[in-house]
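Notes to accompany the following structure.
Given the structure is predicted, the values throughout are model-derived calculations rather than measurements.
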Amino acid sequence: MEYGLHEELPIYAGGLGVLAGDYLKAAHDSGLPMVAIGILWNQDYTHQFIGEQGRPYDTYPNIRFDSVKDTGVTVQVRVRGADVVCKVHKVDSYGNVPLYLLDTNFPGSEHGWMTNRLYGGSGQDRVAAEIILGIGGIRALRALGIEVDLYHLNEGHATFCGFELIREKMTHYGMTFHQAWEDVRKELIFTTHTPVEAGNEVHGHDLLRLMEAYNGLTYEQVKDIGGDPFNMTVAALRLSHIANGVSKLHGQTACKMWSDVHNAACIISVTNGVHNRTWQDHSISDAFEHKGDLWEAHLNNKYRLVDYIERHRNVRLNPDNLIVGFARRAAPYKRSDLIFRTAEVIEPLLQERKLQLVFSGKAHPNDGIGKDIIQQLVRMSEKYGNSVVFLENYNMEVARYMVRGCDVWLNNPRRPLEASGTSGMKAAMNGVLNLSTVDGWVGEGLQHQVSGWLINPDIEAHLQEWEQDERDLRELYRVLLNEVIPTYYNNRNYWIQMMRASIDMARWQFSSHRMIREYFDLMYELTRDAQEMDLTSMPMHHPEMDRTESPFPSPYNQ
């Protein structure tokens with residue numbers, strides 16, 4: 001539904017889209033046979049700025065898409081009683097495999113509202129966009145003449161593509177519904193990204209019927225796939241051969257979360273990764289590879305961040321003092337305000353400017369609680385003047401400044417609600433040291449006082465929210481005051497040693513090149529084999545995983 005390739009092509013909301021963009025770049029770097037399908041959003045997700053009393057407000061400019069090429073191809077889908085024509089555009093100028101974007105927002109079209117804003121509008125808007133993405137996406141591949149072996153659904157938004165594949169098999173090959181469904185399961189792979197209930201979409205069947213999402217299937221057939229009400233994640237699990245969570249911890253959480261779904265794909269784990277060349281500063285990479293002056297390279301990035309903040313917020317941070325960054329979607333479980341909760345502890349550090357905090361992030365336009373969170377952060381920036389900053393309208397440009405220029409990257413979600421957390425990976429490969437609770441990717445690579453700092457590494461189950469918050473807050477303050485701050489100010493050599501360890505840990509293990517290799521080895525190859533044999537006779541081990549010579553490039557030459 002979203003791709004973050006570059007800030008000049010704003011068709012993404014946040015981490016999910018940027019991850020998808022990084023994936024396409026890794027596929028291109030490795031010469032892998034892949035194309036991508038998405039939507040050309042006429043007005044982006046939101047351009048979000050800070051208004052009166054620190055409250056975020058949303059603007060929706062019409063975007064100029066200079067990097068997007070019209071293929072001349074159109075496809076048609078049926079939505080709410082109308083035959084909707086979709087133009088197909090191509091993007092391939094950001095070092096990515098071809099990305100084809102469907103669009104109904106062109107002169108003469110009555111259906112521009114369907115591809116106007118990412119995640120915007122009502123349930124009807126959402127289902128219309130998902131019909132275009134899923135059903136229209138398959139038809140676009142056919143119209144473009146692209147032969148496809150496997151379809152990878154990144155989150156549940158594209159689930160309706162399964163309906164189109166089933167319809168094709170029933171119409172063109174005379175299969176029964178159940179035969180077609182089983183055949184589709186040999187072609188689909190699914191990645192689930194969120195353990196948060198609200199992130200797993202559910203639609204009533206009345207709405208699906210109204211929007212004509214059934215695509216020729218019956219109520220009973222669609223109910224068999226996704227239940228009543230229709231759950232997009234459940235449907236994707238039942239349509240797929242294999243599925244995955246996006247970190248080892250998230251894979252375990254997802255297995256428990258969906259354990260009662262019968263006939264669901266097995267859920268394994270493929271941890272996310274980020275594109276080195278997009279996110280790692282070249283001077284940092286060069287200093288690391290050639291054992292150069294890592295601190296000087298970091299200071300240059302830090303000055304760039306300080307200058308950017310001064311230009312945009314009229315506040316000059318002290319580049320000699322510790323800067324801690326926090327940039328996330330505004331959601332309660334991410335606990336962006338946690339560090340402020342005991343004023344007598346944090347206030348002296350901020351008043352002395354011994355600690356400086358830089359925040360950024362967006363709230364969903366319709367999320368009042370998310371906007372409350374941002375408003376509170378803005379009030380903290382007003383209260384603490386030159387020590388706390390909130391950067392508005394978070395995007396890939398702001399992210400690059402922050403993940404390269406901060407000294408520490410703060411991450412303190414309530415466990416186990418952070419599926420992965422790719423911003424911390426970007427920071428780590430720039431030598432920005434993570435200070436994090438153990439959730440998402442963090443438990444797989446970060447070592448306490450070696451490549452960063454862990455808050456409460458021993459996870460206690462069954463804690464109430466307030467108990468987890470209280471315990472994590474105590475530990476956050478303890479580590480910050482007794483380990484992070486003394487090391488920064490009193491032991492620069494050890495700090496630089498930790499920076500080097502952080503880069504070494506992240507540059508391959510948490511790269512998109514490692515991620516895409518695992519998708520091919522653990523999911524794509526096995527699913528392709530399932531097309532040639534009965535699913536029930538699949539071996540537990542696959543010889544592809546014993547391969548000594550890989551078609552992928554060296555992990556350190558990205």
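- Arg514 has a carboxylate O that lies under 4.0 Å from a charged side-chain N of Glu518, or vice versa, which qualifies the two as a salt bridge.
- Both tests pass for Arg117 against the ring of Tyr60: distance under 6.0 Å to the centre and angle within 45° of the axis.
- A distance-only check finds a donor-acceptor pair linking the side chain of Gln48 to the backbone of Ala363 [under 3.5 Å].
- When atom types are taken as modelled, the side chain of Lys371 and the backbone of Pro365 share a donor-acceptor pair closer than 3.5 angstrom.
- Ion pairing between a basic and an acidic side chain is recognised when a charged N comes within 4.0 Å of a carboxylate O; Glu475 and Arg478 show such pairing.
- For the residue pair Lys25 / Thr278, a side-chain donor-acceptor distance below 3.5 Å is found, with atom types taken as modelled.
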Checking side-chain hydrogen bond (donor to acceptor under 3.5 Å, both in side chains) for the pair His282/Asp286: CA distance, chi angles, key distance, verdict? CA-CA 6 Å; His282 176 74; Asp286 191 62; 4.9 Å; no

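- Partner Pro332 forms a side-chain contact (heavy atoms from CB on, under 4.5 Å) with one of Ile373, Asp372, Asp337 and no other, that one being Ile373.
- The existence of a salt bridge linking Asp504 and Arg500 is excluded, since no basic side-chain nitrogen approaches an acidic carboxylate oxygen closer than 4.0 Å.
- In terms of modelled atom types and a separation under 3.5 Å, the side chain of Glu201 and the main chain of His157 share no donor-acceptor contact.
- Atoms CD and NZ, from Glu392 and Lys362 in turn, are 10.5 Å apart once rounded to the nearest 0.5 Å.
- Ser436 OG to Trp453 CH2: the interatomic distance, rounded to the nearest 0.5 Å, is 12.5 Å.
- The structure places CG of Leu118 at 12.0 Å from OH of Tyr3, a figure rounded to the nearest 0.5 Å.
- Side chain to side chain, Asp22 and Trp279 meet the donor-acceptor criterion of an N or O pair below 3.5 Å.
- In this structure, Arg492 satisfies the cation-pi test against Tyr488, with its NZ or CZ atom closer than 6.0 Å to the six-membered ring centre and inside 45 degrees of the ring normal.
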Kindly determine whether Met505 and Phe510 satisfy side-chain contact (heavy atoms from CB on, under 4.5 Å), including the steps that lead there. CA-CA 8 Å; Met505 173 264 298; Phe510 298 106; 3.4 Å; yes

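- In this structure, Gly421 and Glu418 approach most closely via the heavy-atom pair N-OE2, 4.1 Å.
- Two rings, from Phe340 and Phe326, have their centers 6.0 Å or more apart.
- Ionic pairing of Arg415 and Asp472 is present here: one or more N-O contacts between side-chain nitrogen and carboxylate oxygen are shorter than 4.0 angstrom.
- Judged purely by distance below 3.5 Å, without hydrogens or angles, the side chains of Thr46 and Asp58 pair a donor atom with an acceptor atom.
- We find the OG-CG distance between Ser67 and Leu5 to be 8.5 Å, quoted to the nearest 0.5 Å.
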Taking it one step at a time, do Asn393 and Val398 satisfy side-chain contact (heavy atoms from CB on, under 4.5 Å)? CA-CA 8 Å; Asn393 199 35; Val398 176; over 6 Å; no

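- Between atom NE2 of residue His448 and atom CE of residue Met498 there is a gap of 8.0 Å, rounded to the nearest 0.5 Å.
- Checked against the 6.0 Å centroid criterion, the rings of Tyr94 and His28 do not qualify as a close aromatic pair.
- To the nearest 0.5 Å, atoms CG (Asn412) and CG (Asp469) are separated by 9.0 Å.
- What you find for Pro416 and Thr253 is that their closest heavy atoms are CB-OG1, 3.8 Å.
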Which is it for Val306 and Gln356 under the side-chain contact (heavy atoms from CB on, under 4.5 Å) test, yes or no, and what are the steps along the way? CA-CA 11 Å; Val306 168; Gln356 302 168 107; over 6 Å; no

Would you check, one step at a time, whether the test side-chain contact (heavy atoms from CB on, under 4.5 Å) holds for Arg335 with Thr437? CA-CA 11 Å; Arg335 300 188 299 189; Thr437 52; 3.9 Å; yes

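- Between the side chains of His298 and Asp281, no donor-acceptor pair is found at a separation under 3.5 Å.
- Between Lys383 and Glu347 there is a salt bridge, since at least one side-chain N of the basic residue sits less than 4.0 Å from a carboxylate O of the acidic one.
- Ring orientation note: the planes of Tyr45 and Tyr119 are nearly perpendicular, at an angle over 60° on the 30°/60° scale.
- No donor-acceptor distance shorter than 3.5 angstrom exists from the side chain of Ser30 to the backbone of Leu32, with no hydrogens or angles considered.
- Of all non-hydrogen atoms in Val438 and Gly443, the two that sit nearest each other are CG1-CA, 3.8 Å.
- Of the N and O atoms on the side chains of Thr271 and Glu444, at least one donor lies less than 3.5 Å from an acceptor on the other residue.
- Panel note: side chain Asn491, backbone Pro486; no donor-acceptor pair is recorded below 3.5 Å.
- A side-chain N or O of Asn244 and one of Thr191 form a donor-acceptor pair less than 3.5 Å apart.
- In this structure, the ring of His152 has its center less than 6.0 angstrom from the ring center of Tyr519.
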